[in-house]
Number of protein chains: 2
Amino acid sequence: MPDDTGARTTVTQRAIDEIKTRIAMGELAPGQRLPTERDLAADLGLSRSSMREAIRALTVMGVLEARHGAGIYVTQLKPGDLLDTFGVVAEISRGDTLLHLVQVRKILEPAAAAAAAARIDEEGLIRLRAEMTAMERGTTAEEIVGHDLEFHRIITEAAGNPVLAAILGGLNSRTFRARVWRGYREEGVFPRTFREHDEIYRSLIERDPDGARIATAVHIGAVEEWARRQKDDEE
Amino acid sequence: MPDDTGARTTVTQRAIDEIKTRIAMGELAPGQRLPTERDLAADLGLSRSSMREAIRALTVMGVLEARHGAGIYVTQLKPGDLLDTFGVVAEISRGDTLLHLVQVRKILEPAAAAAAAARIDEEGLIRLRAEMTAMERGTTAEEIVGHDLEFHRIITEAAGNPVLAAILGGLNSRTFRARVWRGYREEGVFPRTFREHDEIYRSLIERDPDGARIATAVHIGAVEEWARRQKDDEE
DNA sequence: GGACGGTAAGTGGTCGTACCAATTTCTCAA
DNA sequence: TTGAGAAATTGGTACGACCACTTACCGTCC
């Protein structure tokens with residue numbers, strides 16, 4: 001029995017692929033506005049309900065953006081747009097996967113820091129310093145986590161690779177970071193964190209890529225240890 | 001003016017967050033079956049249409065899986081499940097982003113190869129060898145790309161970190177790889193690729209992490225060069 | 001004539017119902 | 001006991017109606 005060409009799939013999936021292809025082919029440019037849901041549905045030959053599901057899927061992928069009352073637009077297709085789903089992994093994972101996430105970060109972030117050492121500008125260094133003092137003065141866990149997060153974000157941004165920054169952004173989701181800090185609370189490791197941040201900061205000032213790489217590896221090594229213990233506790 | 005608590009968002013988004021939270025909290029375990037779309041909609045207090053969109057979103061994220069006629073299930077929540085959207089970036093990107101993607105791969109894959117050198121088993125080495133010869137004998141581009149892809153996949157799997165493997169899997173989407181090879185066609189760089197693969201392979205046999213790391217970095221450096229030229233051509 | 005404000009048109013978001021298609025479960029006969 | 005077919009279950013699709021937010025238009029007032 002010959003297979004009907006393009007049959008064994010749902011209409012919604014076909015619509016998703018169609019739009020995605022049009023974007024990949026350049027027929028739909030970043031920022032461009034798409035036709036109405038109703039028109040799109042008519043053009044692709046499916047109901048508005050199904051079309052909406054396709055749009056929802058593409059929205060989650062970070063390819064499209066729907067603005068209530070205004071229309072549907074192609075995103076800028078920046079890595080950050082396409083990779084923000086990434087954070088879900090960090091939110092949901094635990095045990096082994098948590099450890100694996102940190103280990104990937106341990107590979108990427110030192111490399112990012114090394115690149116940042118050669119590229120970060122004066123303003124970036126000032127903002128880093130500000131985050132460090134703000135974090136030290138912070139009182140609530142919420143606050144401290146925020147500054148910690150921002151410290152690392154500035155460095156990864158300075159590395160000049162948006163894909164790298166987006167991935168590390170996902171690995172460092174807020175909920176994940178909060179969990180780590182919660183676990184630390186009782187052990188009083190805050191001073192060590194401050195010292196490690198300072199170590200990284202100084203390497204950046206001195207434009208010392210290898211120093212930044214090593215300091216960052218050490219810093220994340222501590223988190224890795226935590227994840228390892230966390231995993232053991234679950235068993 | 002007091003803000004209505006939990007108001008300024010769509011019902012669908014609320015449903016997405018609700019389900020996601022239930023999974024993160026462990027109320028919904030991997031592989032578990034969920035209630036009917038109709039029941040879920042009733043429980044969460046929204047229409048079936050909106051509920052379906054929420055489910056579609058979670059499906060794209062790799063958190064849920066809907067089987068026609070059978071029901072809705074939580075996936076195994078393996079990194080591979082949650083990260084297969086990752087490939088979209090590689091499919092759609094071009095120019096600068098293409099270069100950035102390769103650069104991230106240049107950071108991750110050498111590390112993966114180094115880890116694999118210490119962990120890969122006899123069977124893995126045999127499969128690697130098989131892919132190498134199959135690739136050398138390949139005639140169509142399709143075929144060669146397939147074996148090339150598989151060669152790298154085996155190594156990243158052997159590294160023992162599913163998150164790492166999933167990310168690299170996304171970075172190495174088939175369509176992306178095909179584009180690279182298409183660009184190479186005229187230059188006759190096949191021999192060099194074979195030689196580089198062999199270099200990596202021998203380092204793995206010798207259980208030489210640093211050798212594997214370096215050989216892989218060199219190999220991907222070549223791809224980076226291609227991406228750089230590709231980017232320049234677009235301008 | 002130009003700025004302002006309100007109204008109407010456009011468009012995504014939600015709802016409800018009906019029906020189709022794949023799967024699972026049940027039933028009954030061989 | 002077993003196996004084939006019927007029935008119930010459940011996700012997939014299609015309409016049609018209405019709501020909520022944006023944008024654009026148009027008339028009024030300064």
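Throughout, protein chains are lettered first and strands after them, A, B, ... in sequence-line order, and every chain is numbered starting at 1.
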(message) Output the rounded distance in Å from NE2 (A:His68) to C1' (D:dC21).
(response) 5 Å

(request) Measure the distance from CD on B:Glu53 to P on D:dG12 and round it to the nearest whole Å. (result) 13 Å

(request) Check whether any side-chain nitrogen or oxygen of A:Thr36 sits under 4.0 Å from OP1 or OP2 of C:dG10, and answer yes or no. (result) no

(request) Scan A:Ile55 against the nucleic acid and name what it touches under 4.0 Å (heavy atoms): base, sugar-phosphate only, or nothing. (result) nothing

(message) Salt bridge or not between B:Arg127 and B:Glu131? Use side-chain N to carboxylate O under 4.0 Å.
(response) no

(request) In whole angstrom, give the distance that lies between atom CG of A:Leu34 and atom P of C:dT11. (result) 13 Å

(message) In whole Å, I'd like the distance from the CZ atom of B:Arg38 to the P atom of C:dC19.
(response) 13 Å

(request) Report yes if at least one side-chain N or O of A:Ser47 is closer than 4.0 Å to OP1 or OP2 of D:dC15; otherwise report no. (result) no

(request) Between B:Val11 and B:Ala70, name the one whose nearest nucleotide on DNA chain C is closer to the 5' end. (result) B:Val11

(request) Return the nearest nucleotide to the side chain of A:Leu46; candidates are D:dA14, C:dT11, D:dG12. (result) D:dA14

(message) Quick check: closest heavy atoms across B:Ala116 and B:Ile155, and the distance to 0.1 Å?
(response) CB-O, 3.6 Å

(message) Counting distance alone, no hydrogens or angles: does the base of D:dG11 have a donor or acceptor under 3.5 Å from a partner atom on the side chain of B:Arg56?
(response) no

(request) Using a 4.0 Å heavy-atom cut-off across all strands, classify A:Arg67 as base, sugar-phosphate, or nothing. (result) sugar-phosphate

(request) Mind checking B:Ser49 for me? I need base, sugar-phosphate or nothing, with any heavy atom below 4.0 Å counting as a touch. (result) base

(request) Report the distance from atom CD of B:Glu18 to atom CD1 of B:Ile16, rounding to the nearest 0.5 Å. (result) 12.0 Å

(request) Decide yes or no on salt bridge (charged side-chain N to carboxylate O under 4.0 Å, His left out) for A:Glu53 and A:Arg56, but give the supporting numbers first. (result) CA-CA 5 Å; A:Glu53 279 194 40; A:Arg56 167 71 62 177; over 6 Å; no

(request) Nearest whole angstrom, please: distance from the P of D:dG12 to the CG of B:Leu64. (result) 12 Å

(message) Distance check needed: C:dG10 P versus A:Ile72 CD1, whole Å only.
(response) 17 Å

(request) Round to the nearest Å and state the distance from A:Glu37 atom CD to C:dT14 atom C1'. (result) 11 Å

(message) Looking at D:dA14, I'd like to know if its phosphate oxygens (OP1 or OP2) sit under 4.0 Å from a side-chain N or O belonging to A:Ser50.
(response) yes

(message) Tell me the interatomic distance from B:Tyr73, atom OH, to D:dT9, atom C1', rounded to whole angstroms.
(response) 11 Å

(request) Could you tell me whether the side chains of A:His197 and A:His147 share a donor-acceptor contact shorter than 3.5 Å? (result) no

(request) Report yes if at least one side-chain N or O of A:Arg48 is closer than 4.0 Å to OP1 or OP2 of D:dT13; otherwise report no. (result) no

